Amino acid sequence: MVVGEGAMADAKRRLIARAGGLAVSEAEAHGARIGFVALEDDSEARKAALRLKRAGLLVNVADRPDLCDFTLPSVLDRDPVLVAVSTGGASAALAKHLRLRFEAILPQTLGKLAKALFAARGDLQTRFPDPDDRRRALDLALQERGALDPFRERSAECVDVDRLASEDDGATATIEIALTSDDPDDLTLRQARLLGRADRVIHEPGIAGAILHRARADAMRKVIGEATDDPGEGLTVVLRRAQL
């Protein structure tokens, strides 16, 4: 349901149609589950929001996040890849301009790369039956300057399982990171990437959770002293506090 007229309401109707829904007025609202209020007058917007909520609808009120049951992200579409930017209703303009920046840097061929990777799933599972080996091969390929770097226009043409196998040599690496603070924003780009790729994270006691959360959710975590001598295959990142 859309309550309102004019450019703001028309934008909501286009959004509903794009998502495969049917935009209706309050008079036609039998069966509606979601309501959009696009009214300039604050009092009228509040009354409409209350009315729709009493009818059991989830409600979004344009430019009034305090009245919203949900907010809408700004969406970049590279079918089947979707990138949604949300500020939790704090600033729709900021979300829009972040999305526009991403539009400029994400190639139009990103969707083709996703489809090519989907088509190669069977071959990847055959060539890399172990899930960790498969993940490592894809991580190497998809990283910056890798064979399938998603920011490169022609990566979709390079999805070749044999090539990925030749680049994944199964090498074991252990890298130490000296942390200067407990603030994850103080990590360098390289340190953040290493944490995101690590198969296991071995750390000193008391390392901030905000830092550890930058690692993959499925990465093994051990406190120094609990870890085994054999780190296993893949990437091990050791986190220590810098000696200042």
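Keep in mind the model is a prediction, meaning the values are calculated, not measured.
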Asks: Would you mind checking if Asp130 and Arg134 are paired as a salt bridge, meaning a charged N to carboxylate O distance below 4.0 Å?
Replies: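 Result for this pair is no, no salt bridge flagged.
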
Asks: In Å and rounded to the nearest 0.5 Å, what is the CG to CG distance from Leu140 to Leu138?
Replies: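 Rounded to the nearest 0.5 Å, the CG-CG separation comes out at 9.0 Å.
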
Asks: So, do Leu72 and Phe36 sit near enough that their side-chain heavy atoms are less than 4.5 Å apart?
Replies: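 Yes, their side chains come closer than 4.5 Å.
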
Asks: May I have the step-by-step check of side-chain contact (heavy atoms from CB on, under 4.5 Å) for Ile175 and Thr236, ending in yes or no?
Replies: CA-CA 6 Å; Ile175 297 176; Thr236 298; over 6 Å; no

Asks: When you measure from the side chain of Asp69 to the backbone of Val59, do you find a donor-acceptor pair of N or O atoms at a distance under 3.5 Å?
Replies: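 Judged by distance alone, yes, a pair lies under 3.5 Å.
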
Asks: Transitively linked via ILVMFWY side-chain contacts under 4.5 Å: Val83 with Leu15?
Replies: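 No, because Val83 and Leu15 fall into different hydrophobic clusters, even though each may have its own neighbours under 4.5 Å.
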
Asks: Taking NZ, NE, NH1 and NH2 as the nitrogens, is one of them in Asp185 or Arg214 under 4.0 Å from a carboxylate oxygen of the other?
Replies: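 Judged by the 4.0 Å cut-off on N to carboxylate O distance, Asp185 and Arg214 do form a salt bridge.
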
Asks: Heavy-atom distance under 4.5 Å between the side chains of Arg200 and Lys222, does that happen here?
Replies: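 The answer is no, as the side chains (C-beta and beyond) never meet within the 4.5 Å cut-off.
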
Asks: With a 4.0 Å cut-off, would you call Asp10 and Arg13 a salt bridge?
Replies: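 Result for this pair is yes, salt bridge flagged.
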
Asks: Judged by atom type as modelled, is there a donor-acceptor pair below 3.5 Å linking the side chain of Arg33 to the main-chain atoms of Gly31?
Replies: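 Yes.
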
Asks: After noting the C-alpha distance and the side-chain angles of Ser181 and Asp186, does the key distance pass the side chain to side chain donor-acceptor pair (under 3.5 Å) rule?
Replies: CA-CA 7 Å; Ser181 80; Asp186 289 336; 2.5 Å; yes

Asks: First locate atom CE of Met1, then atom CG of Leu22, and finally report the distance between them rounded to the nearest 0.5 Å.
Replies: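 Separation between the atoms: 12.0 Å.
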
Asks: Taking salt bridge (Lys or Arg N to Asp or Glu O under 4.0 Å) as the criterion, tell me which of Arg193, Arg152, Arg190, Arg197 meets it with Glu144.
Replies: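 Filter result, single survivor: Arg193.
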
Asks: Looking at Ser91 and Leu94, would you say the former's side chain and the latter's main chain have a donor-acceptor pair under 3.5 Å?
Replies: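 Flag set: sc Ser91 to bb Leu94 pair under 3.5 Å.
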
Asks: Shortest non-hydrogen contact from Leu195 to Ile211?
Replies: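 Here Leu195 and Ile211 meet closest at CD1-O, 3.9 Å.
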
Asks: Nearest 0.5 Å please: distance from the SG atom of Cys68 over to the CG atom of Leu58.
Replies: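 Output value for this atom pair is 11.0 Å.
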
Asks: Can you tell me how far CD1 of Ile202 sits from CD of Glu176, rounded to the nearest 0.5 angstrom?
Replies: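 Rounded to the nearest 0.5 Å, the CD-CD1 separation comes out at 9.5 Å.
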
Asks: Would you say Arg221's side chain and Leu212's backbone share a donor-acceptor pair under 3.5 angstrom?
Replies: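 Present.
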
Asks: A side-chain contact here means heavy atoms from C-beta on lying under 4.5 Å apart; do Pro80 and Lys115 qualify?
Replies: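 In contact.
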
Asks: Between Arg18 and Asp77, is the closest basic N to carboxylate O distance under 4.0 Å?
Replies: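 Between Arg18 and Asp77 there is a salt bridge, with a charged N closer than 4.0 Å to a carboxylate O.
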
Asks: Side-chain contact, heavy-atom cut-off 4.5 Å: Leu76 with Val81?
Replies: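 Heavy-atom side-chain distance check fails, nothing below 4.5 Å.
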
Asks: Give the minimum heavy-atom separation between Leu113 and Ala156, together with the two atoms involved.
Replies: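 Heavy atoms of Leu113 and Ala156 come nearest at N-CB, 3.6 Å.
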
Asks: Assess the residue pair Val3 and Glu26 against the criterion (side-chain contact (heavy atoms from CB on, under 4.5 Å)); give the C-alpha distance rounded to whole Å, side-chain angles, the decisive distance to 0.1 Å, and a yes or no.
Replies: CA-CA 7 Å; Val3 179; Glu26 280 192 82; 3.7 Å; yes

Asks: How long is the gap from NZ on Lys47 to CG on Asp42, to the nearest 0.5 Å?
Replies: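 It comes to 11.0 Å.
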
Asks: Does Arg154 CZ have over 12 foreign heavy atoms under 6.0 Å away?
Replies: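 No, not enclosed.
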
Asks: Between Thr174 and Leu235, is a side-chain contact (heavy atoms from CB on, under 4.5 Å) present by the stated rule, with each step listed?
Replies: CA-CA 6 Å; Thr174 299; Leu235 175 62; over 6 Å; no

Asks: Look at Arg46 together with Asp66 and state whether they make a salt bridge at an N to O cut-off of under 4.0 Å.
Replies: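 Salt bridge: yes.
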
Asks: Please name the pair of heavy atoms, one in Pro73 and one in Ser86, separated by the smallest distance, quoted to 0.1 Å.
Replies: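 Pro73 and Ser86 have their closest heavy atoms at CB-CB, 4.1 Å.
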
Asks: Can you check whether Leu106's main-chain N or O pairs, donor with acceptor, with Arg78's side chain at less than 3.5 Å?
Replies: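 Between the backbone of Leu106 and the side chain of Arg78 there is a qualifying donor-acceptor contact (under 3.5 Å).
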
Asks: Start with the C-alpha gap between Lys96 and Glu103, add the side-chain angles, then the distance that decides, and say whether salt bridge (charged side-chain N to carboxylate O under 4.0 Å, His left out) holds.
Replies: CA-CA 10 Å; Lys96 180 183 77 172; Glu103 287 272 10; over 6 Å; no

Asks: In Å, rounded to the nearest 0.5 Å, how long is the span from CD of Glu40 to CG of Asp63?
Replies: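 Interatomic distance, Glu40 CD to Asp63 CG, rounded to 0.5 Å: 7.5 Å.
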
Asks: Lys112 side chain to Glu157 main-chain N or O, any donor-acceptor pair under 3.5 Å?
Replies: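 Looks like no, no N/O pair under 3.5 Å.
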
Asks: Shortest non-hydrogen contact from Pro205 to Val223?
Replies: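 The pair with the smallest heavy-atom distance is CG-CG1, 3.7 Å.
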
Asks: Look at the side-chain heavy atoms of Ile, Leu, Val, Met, Phe, Trp and Tyr, link any pair under 4.5 Å apart, and say whether Ile16 and Leu82 land in one connected group.
Replies: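 The answer is no; the residues belong to distinct hydrophobic clusters.
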
Asks: After noting the C-alpha distance and the side-chain angles of Val238 and Glu204, does the key distance pass the side-chain contact (heavy atoms from CB on, under 4.5 Å) rule?
Replies: CA-CA 8 Å; Val238 180; Glu204 289 183 345; over 6 Å; no

Asks: Tell me whether Lys12 at atom NZ has more than 12 heavy atoms from other residues, nucleotides or ligands lying less than 6.0 Å away.
Replies: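 Enclosed: over 12 neighbouring heavy atoms sit under 6.0 Å from NZ of Lys12.
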
Asks: Do you know the tightest heavy-atom contact between Ile34 and Phe70?
Replies: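 Reported closest heavy-atom pair: CG2-CZ, 3.5 Å.
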
Asks: Do Leu57 and Leu39 share a hydrophobic cluster (ILVMFWY, side-chain heavy atoms under 4.5 Å, transitive)?
Replies: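 Looking at the clustering, Leu39 is in the same group as Leu57.
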
Asks: Please determine whether a side-chain nitrogen of the Lys or Arg among Arg51 and Glu44 lies less than 4.0 Å from a carboxylate oxygen of the Asp or Glu.
Replies: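 Glu44 and Arg51: not salt-bridged.
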
Asks: If you look at every heavy atom in Gln191 and Ala178, which pair is closest and at what distance?
Replies: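 Result for this residue pair: NE2-O, 4.0 Å.
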
Asks: Report whether Leu142 and Phe118 are members of the same hydrophobic cluster (ILVMFWY, side-chain heavy atoms less than 4.5 Å apart, transitive linking).
Replies: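 Unlinked, Leu142 and Phe118 end up in two clusters.
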
Asks: Same cluster or not: Leu50 versus Val61, using hydrophobic residues (I, L, V, M, F, W, Y) connected whenever any side-chain heavy atoms lie under 4.5 Å apart?
Replies: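 No, separate clusters.
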
Asks: So does Asp149 get a backbone contact from the side chain of Ser155, meaning a donor-acceptor N/O pair under 3.5 Å?
Replies: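 A pair under 3.5 Å: yes.
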
